[in-house]
2 protein chains.
Amino acid sequence: MDKQTITIYDVAREAGVSMATVSRVVNGNPNVKPTTRKKVLDVIDRLDYRPNAVARGLASKKTTTVGVIIPDVTNLYFSSLARGIDDIATMYKYNIILANSDENEHKEVQVLNTLLAKQVDGVIFMGNKITEELRAEFSRSRTPVVLAGTVDPDGQVGSVNIDYKTATEDSVTSLIENGNKKIAFISESHDEPINGMYRLEGYKSALKNAGIDYDEELVVQSEYTYKVGEAVFEQISKVGATAAVVADDELAVGILNAALDRGINVPEEFELITSNNSKLTDMTRPQLSTIVQPLYDIGAVSMRLLTKLMNKEEIDEKTIKLPFHILNKGTTKEN
Amino acid sequence: MDKQTITIYDVAREAGVSMATVSRVVNGNPNVKPTTRKKVLDVIDRLDYRPNAVARGLASKKTTTVGVIIPDVTNLYFSSLARGIDDIATMYKYNIILANSDENEHKEVQVLNTLLAKQVDGVIFMGNKITEELRAEFSRSRTPVVLAGTVDPDGQVGSVNIDYKTATEDSVTSLIENGNKKIAFISESHDEPINGMYRLEGYKSALKNAGIDYDEELVVQSEYTYKVGEAVFEQISKVGATAAVVADDELAVGILNAALDRGINVPEEFELITSNNSKLTDMTRPQLSTIVQPLYDIGAVSMRLLTKLMNKEEIDEKTIKLPFHILNKGTTKEN
DNA sequence: CTGTTAGCGCGTTCAC
DNA sequence: GTGAACGCGCTAACAG
């Protein structure tokens, strides 16, 4: 009834050779006489034979697929990374199993386990907090892991990112140079090292260099969504903020619009620098000044690093920092 | 050297049972005495045994993974669908292999083939044009396929979408009711049935109902990116368009901004209705009036449909149309 | 250059 | 309720 799947064995019989030979031509092994190679190729074509990757995976212990754990594909920051990852993966003949985690620790562990059960050759993890449980899973398995756009103070697995501390410091400093004294710092939870250890430190450092006192009221922790922008702006404007650095573009758009909707002039009365330079930053009016992170490249380099790890090549440095710069568009004053 | 992976056989030996029994408890087969089940479970836990999904796939001919072909994850329209797909997939214990195609016919065929080689249990395809080659591949394989957010005039595979013709017709009609005579219609190539057969027909139908002549100059085919919005607006404004229906949100934002940047009042002097109600439509000022498509649901329902197909359940209707409506936000006049 | 022979780790009859 | 044995489709030595 079912159109029986044709196997390497059928090809072998039909071509009058052994399955080993068929396997060789399929895998591009040079030790095959051109004549027989052609003969086999013809049969493969005629029978429309397609090697079963699952069987191949079982026998070779390689699946040529890597797992990608992403908080939310719908977030432009992450999807940009994912695009870079997939492109390089394709280039190296890997496929991607994509799984959304919502940065939920339980889901992350769960997903990691099913990825490992599926014998992925490597894992790329996005998400800002590496819990102990996750770290344990990482090191327990022999599967290479790379963090994309995520810092890991522990530095045990590969990671690709930018220098978030300096980037934030530079942003704040430029805002200070524009005359701002009360600059808000808005990010997700400080429990995440990327925020609590790097961005916040950069923020504090810039203030300190300028002799400005750190004011807790100007620092808010918020989720990264458009809709909370309203509330966040309300909060920081109450305490007199004249500028803000924001760790996420969607949130920054929300804050910008909240300001505009109140009739506030941007950047004259309120300045804003966001962090990801996703497409969104060009779509607003005025356009968002931003830290320019090479999003696509972070993903691409992560995947490239992972291929090396999977290939057991020697790596000089597992933690890669990519360059960034500040781009003043419409939400900062000209200097 | 390598920490040897522990297999079902190790568990069996350690628990003093046969591997068949271990297999049974792992797969929840009820024919196991509670005592031995517990014994096995304990060993599994102690040894931290994790069933090898690849071996399982070979033996059972089911991989519990489905392939998802997407034009570009970075596009909010598609990533929203993808999110719905992944959530439902997870719910049904499936994983997703995500592959970007850029709507490139060659890549699509290529990717489909590697997905089939990997023995995915099903495929969800996004992309607006089903080439003959693709259609041939679809029907040649016994793997169920569902089109998400894509129409297929042929109707041979499953598909989930909305009534694009009526949606466009309604949009245009509402624009006509607002007094517009010159309404531009902007979409990707008319070679894609979704545009050439449905949206365009809806557009024409609305004009006809209102006794307005069809004017080719108002119809433009364009790629779906923000940056071409400028040129598109230039083009339609030259021929005196006072309104436009646009098939993609990013492009619509580009057109809106082009208008605003020229000092044109929206919606007073120029009205705009876009098609996807992605997050973007809330982020612009004014906010974009739009056709509301249940993006997440289209993805979710597609995956649900696919599970039924994979499960060989009887389906009454392979082509599912989800409801839509027009939402007037800021780029259309109040009526 | 090519064929033989073992497994890879697990699901699944079929007896006991 | 449980175990033995075979097979899924292919890779990887090892001979020849």
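What you are looking at is a predicted structure, and each value in this text was computed from that prediction instead of being measured.
A side-chain donor from one of Ser23(A) and Asn27(A) sits under 3.5 Å from a side-chain acceptor of the other. The closest side-chain donor-acceptor pair between Arg50(B) and Asn113(A) falls under 3.5 angstrom. When only modelled atom types and interatomic distance are considered, Lys118(A) and Thr64(B) share a side-chain donor-acceptor pair under 3.5 Å.
Reading DNA chain D from its 5' end, the first and the last nucleotide to sit under 4.0 Å from a heavy atom of chain B are dG1(D) to dG9(D).
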Atom pairs under 3.5 Å, N or O on each side, protein against nucleotides 11-14 of chain C: can you list them with distances?
| residue | atom | partner | partner atom | Å |
| --- | --- | --- | --- | --- |
| dG11(C) | OP1 | Asn27(B) | OD1 | 3.4 |
| dG11(C) | OP1 | Asn27(B) | ND2 | 3.3 |
| dG11(C) | OP1 | Arg56(B) | NH1 | 3.3 |
| dG11(C) | OP2 | Ser23(B) | OG | 2.8 |
| dG11(C) | OP2 | Asn27(B) | ND2 | 3.4 |

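Listed by chain and number, the residues in a side-chain contact (heavy atoms from CB on, under 4.5 Å) with Gln156(A) are Asp154(A) (sequence neighbours excluded). A search for side-chain contact (heavy atoms from CB on, under 4.5 Å) contacts involving Asn100(A) returns Ile70(A), Asp72(A), Val73(A), Leu98(A), Arg83(B), Asp86(B), not counting sequence neighbours. Partners of Ala89(B) according to the side-chain contact (heavy atoms from CB on, under 4.5 Å) rule, which considers only residues two or more places apart in sequence or in another chain, are Tyr94(B), Ile96(B), Met303(B).
Put simply, OH on Tyr9(A) is 13 Å from C1' on dT5(C), counting in whole angstrom units. Protein atom NZ of Lys62(B) is 18 Å distant from nucleotide atom P of dC10(C), rounded to whole Å.
As judged by a 4.0 angstrom heavy-atom cut-off over every strand, Asn52(A) is placed among residues touching the sugar-phosphate backbone only. Nucleic acid contact class of Val17(A) (heavy atoms, under 4.0 Å, all strands): sugar-phosphate only.
Listed pair Thr5(B) / dG9(C) meets the phosphate criterion, a side-chain N or O lying under 4.0 Å from OP1 or OP2. The phosphate of dG9(C) (OP1 or OP2) has a side-chain N or O of Lys61(A) nearer than 4.0 angstrom.
Thr150(B) places a side-chain N or O within donor-acceptor distance of the main-chain N or O of Gly127(B), the cut-off being under 3.5 Å. At least one donor-acceptor pair under 3.5 Å links the side chain of Ser302(B) to the backbone N or O of Ile298(B).
Taking the side chain as every heavy atom from C-beta outward, Leu41(B) and Arg37(B) approach each other to under 4.5 Å. In this structure the side chain of Val68(B) never reaches within 4.5 angstrom of the side chain of Leu115(B), judged on heavy atoms.
Overall bending of the helix from dC1(C)-dG16(D) to dC16(C)-dG1(D), expressed as the angle between end axes built from five pairs apiece, is 30° (10° steps).
Comparing Leu58(B) and Pro30(B) against DNA chain D, the residue whose closest nucleotide sits nearer the 5' end is Pro30(B).
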Please determine whether side chain to side chain contact (heavy atoms under 4.5 Å, CB included) holds for the pair Thr7(A) and Asn52(A), giving the CA-CA distance in whole Å, both sets of side-chain angles, and the decisive distance to 0.1 Å. CA-CA 8 Å; Thr7(A) 78; Asn52(A) 180 324; over 6 Å; no
